[in-house]
Amino acid sequence: MKIGRNDPCPCGSGLKYKKCCFGKDPAGAEDLKERYLRQYQIRLKGPEDIEKIRLAGRLAVSILELVAASLRPGMTTEEINTLVHDFTLAHGAVPAPLGYRGFPKSVCVSVNEEICHGIPGPRILDSGDIVNVDVTPILDGYYADANQTFFVGPPDARARRIVAVARECLRLGMAAVRPGATTGDIGWAIQRYAESQKCSVVREFVGHGVGFAFHEAPQILHYGRQGSGIPLVPGMVFTIEPMINLGKRQLYLLDNQWTAVTEDGSLSAQFEQTCLVTTDGVESLTPYALKD
Ligand code: MF3
Ligand code: CO
Ligand code: CO
């Protein structure tokens, strides 16, 4: 069968054939892996890499399950850090946050109006709080990155709303992932839904390639335009991790120079998974259910 000039390129780039491999010498054609590295600094993952990230990802999910089962009003965020740190080491892994660019703890714990990068410490969790726990184990040299926002005790209506919207934002962002779609399609799907719910999308922090290192190319914006950005191809592994505010999107950093907080004091929630682009869509390498 003949490939039309406007058909998708058979190399899987997501570009039109005429804009990609058309007219190029097949013998000398640069393979996708080399092209994505040269053009975008993206390191595509092979089957062995993916299996290792999947194992790190299963551990990430187990850590989140442990935290979910242990959360109690009256506990400190430091106690969450101890749980995560000890469990990670007990499973032969290392917590990537510890010492990363000077970050002092093994997990990010962000409460209520804290958007991300909360530093565990003496803060006591109260009934009604929402708390995001973001974990990144390194297992056999491979990184997987995931987070969830939990309720501490029974949530009020605002807490339920922001957590439900943030979770749905991740689900919709992931649903946009398939070869031929672009990074911008992910951001567009997230922004469209968040704003339809009168919530806002934080712009200062983004998803990212992950696996060989904590933060790799590309950046995954959680807002944007359809068709913008980089075409998705099989073997790309990146996080989607929308931070969604109940009020305005503006933020400031606490004096610790890490923790981002909503400027208007509104609640913020986030969910993150590590996603693999497959030949026909997406596979979560940190799979947990995105349901209420
Ligand atoms: N886990 C965060 C992310 O999703 C990064 C945390 S960096 C740290 O990308 F130093 F604060 F741990
Ligand atoms: Co991340
Ligand atoms: Co993370």
Side-chain angles (χ1 to χ4, degrees), residues 77 97 101 103 108-119 123 128-134 136 145-151 155-177 181-210 215 217-230 238-275 290 292:
T77 57
R101 300 184 183 219
F103 191 80
C108 297
V109 179
S110 307
V111 183
N112 294 341
E113 73 288 349
E114 293 176 350
I115 295 167
C116 64
H117 303 165
I119 301 176
R123 180 173 182 162
D129 284 348
I130 62 172
V131 58
N132 180 275
V133 177
D134 189 344
T136 312
D145 191 5
N147 74 48
Q148 275 181 266
T149 302
F150 301 108
F151 299 125
D156 67 14
R158 288 177 314 139
R160 283 201 307 271
R161 207 166 95 74
I162 193 59
V163 168
V165 172
R167 184 190 286 113
E168 181 68 1
C169 282
L170 174 55
R171 199 186 64 74
L172 290 168
M174 289 176 65
V177 174
T182 68
T183 56
D185 293 338
I186 300 169
W188 179 83
I190 291 168
Q191 182 181 16
R192 187 174 70 131
Y193 178 72
E195 293 179 355
S196 81
Q197 300 302 304
K198 303 289 174 224
C199 295
S200 62
V201 177
V202 170
R203 303 202 178 197
E204 286 82 354
F205 303 97
V206 299
H208 51 89
V210 68
H215 295 105
Q219 295 195 343
I220 306 294
L221 277 54
H222 303 115
Y223 59 92
R225 290 199 328 273
Q226 278 182 300
S228 68
I230 296 169
F238 52 78
T239 73
I240 304 176
E241 50 180 300
M243 282 144 273
I244 308 298
N245 299 348
L246 202 46
K248 297 190 189 310
R249 68 174 177 82
Q250 279 72 23
L251 59 77
Y252 65 95
L253 284 191
L254 297 184
D255 288 337
N256 66 29
Q257 296 304 310
W258 272 105
T259 310
V261 181
T262 60
E263 197 173 86
D264 63 9
S266 65
L267 292 177
S268 185
Q270 179 182 24
F271 289 83
E272 172 178 37
Q273 294 196 22
T274 292
C275 303
L290 291 170
D292 281 293

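Note that this is a predicted model, so its numbers are computed, not measured.
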Taking side chain to side chain donor-acceptor pair (under 3.5 Å) as the definition, give me every residue that meets it alongside Thr274, ordered by chain and number, with sequence neighbours left out. none
Arg171: which residues meet the salt bridge (charged side-chain N to carboxylate O under 4.0 Å, His left out) condition with it, sequence neighbours left out? Glu168
For Gln191 against Tyr223, the heavy-atom pair lying closest together: OE1-CB, 3.5 Å
Taken in chain and number order and not counting sequence neighbours, the residues that satisfy side-chain contact (heavy atoms from CB on, under 4.5 Å) with Ser268 are Ile115, Asn245, Thr262
Report the residues that fulfil salt bridge (charged side-chain N to carboxylate O under 4.0 Å, His left out) with Glu114, sequence neighbours left out, ordered by chain and then residue number. Arg123
According to side chain to side chain donor-acceptor pair (under 3.5 Å), who are the partners of Asp134, at least two apart in sequence or on a separate chain? Asn147
Is any side-chain heavy atom of Gln226 closer than 4.5 Å to one of Asp185? yes
Note: Ile190 and Pro242 closest approach over all heavy atoms is CG2-CB, 3.9 Å
Distance col, row Phe151:CZ vs Asp156:CG, nearest 0.5 angstrom, shows 9.0 Å
Ala164: which residues meet the side-chain contact (heavy atoms from CB on, under 4.5 Å) condition with it, sequence neighbours left out? Asp292
Taking ring-ring contact (aromatic ring centres under 6.0 Å, His included) as the definition, give me every residue that meets it alongside His215, ordered by chain and number, with sequence neighbours left out. Tyr100, His208
Can you list every side chain to side chain donor-acceptor pair (under 3.5 Å) pair that touches residues 196-207, not counting sequence neighbours? none
Taking Thr182 for its side chain and Gly229 for its backbone only, find out whether a donor-acceptor pair lies under 3.5 Å. no
Please give me the minimum heavy-atom distance between Ala260 and Leu251, naming the atom from each residue. CB-CD2, 4.3 Å
By salt bridge (charged side-chain N to carboxylate O under 4.0 Å, His left out) - contacts of Arg161 (at least two apart): none
Can you give me the closest heavy-atom contact between Ala176 and Ala181, atom names plus distance? O-CB, 3.4 Å
Ignoring hydrogens and geometry, is there a side-chain-to-backbone donor-acceptor pair from Asp129 to Val131 under 3.5 Å? no
Contact summary for Glu113 and Gly265, nearest pair of heavy atoms: CB-O, 3.6 Å
Between the OG atom in Ser110 and the CD atom in Gln270, the distance rounded to the nearest 0.5 Å is 7.5 Å
Does Val202 offer a backbone N or O that forms a donor-acceptor pair with the side chain of His222 under 3.5 Å? no
So Phe238 and Ile186, side chain to side chain contact (heavy atoms under 4.5 Å, CB included) or not? Walk me through it. CA-CA 12 Å; Phe238 52 78; Ile186 300 169; 3.7 Å; yes
Would you list the pairs meeting side chain to side chain donor-acceptor pair (under 3.5 Å) in which at least one residue belongs to residues 249-261, sequence neighbours left out? Asn256-Thr259
So how far is it from Phe271 CZ to Asn132 CG, rounded to the nearest 0.5 Å? 8.0 Å
Separation between CG (Leu246) and CD1 (Ile162), nearest 0.5 Å, reads 5.0 Å
To the nearest 0.5 Å, what is the distance between CD1 on Ile244 and CG on Leu267? 13.0 Å
The criterion is salt bridge (charged side-chain N to carboxylate O under 4.0 Å, His left out); which residues satisfy it with Arg192, sequence neighbours excluded? none
Just how far is it from atom SG of Cys275 to atom CD1 of Ile220, taken to the nearest 0.5 Å? 8.5 Å
Applying ring-ring contact (aromatic ring centres under 6.0 Å, His included) to Tyr193 and not counting sequence neighbours gives none
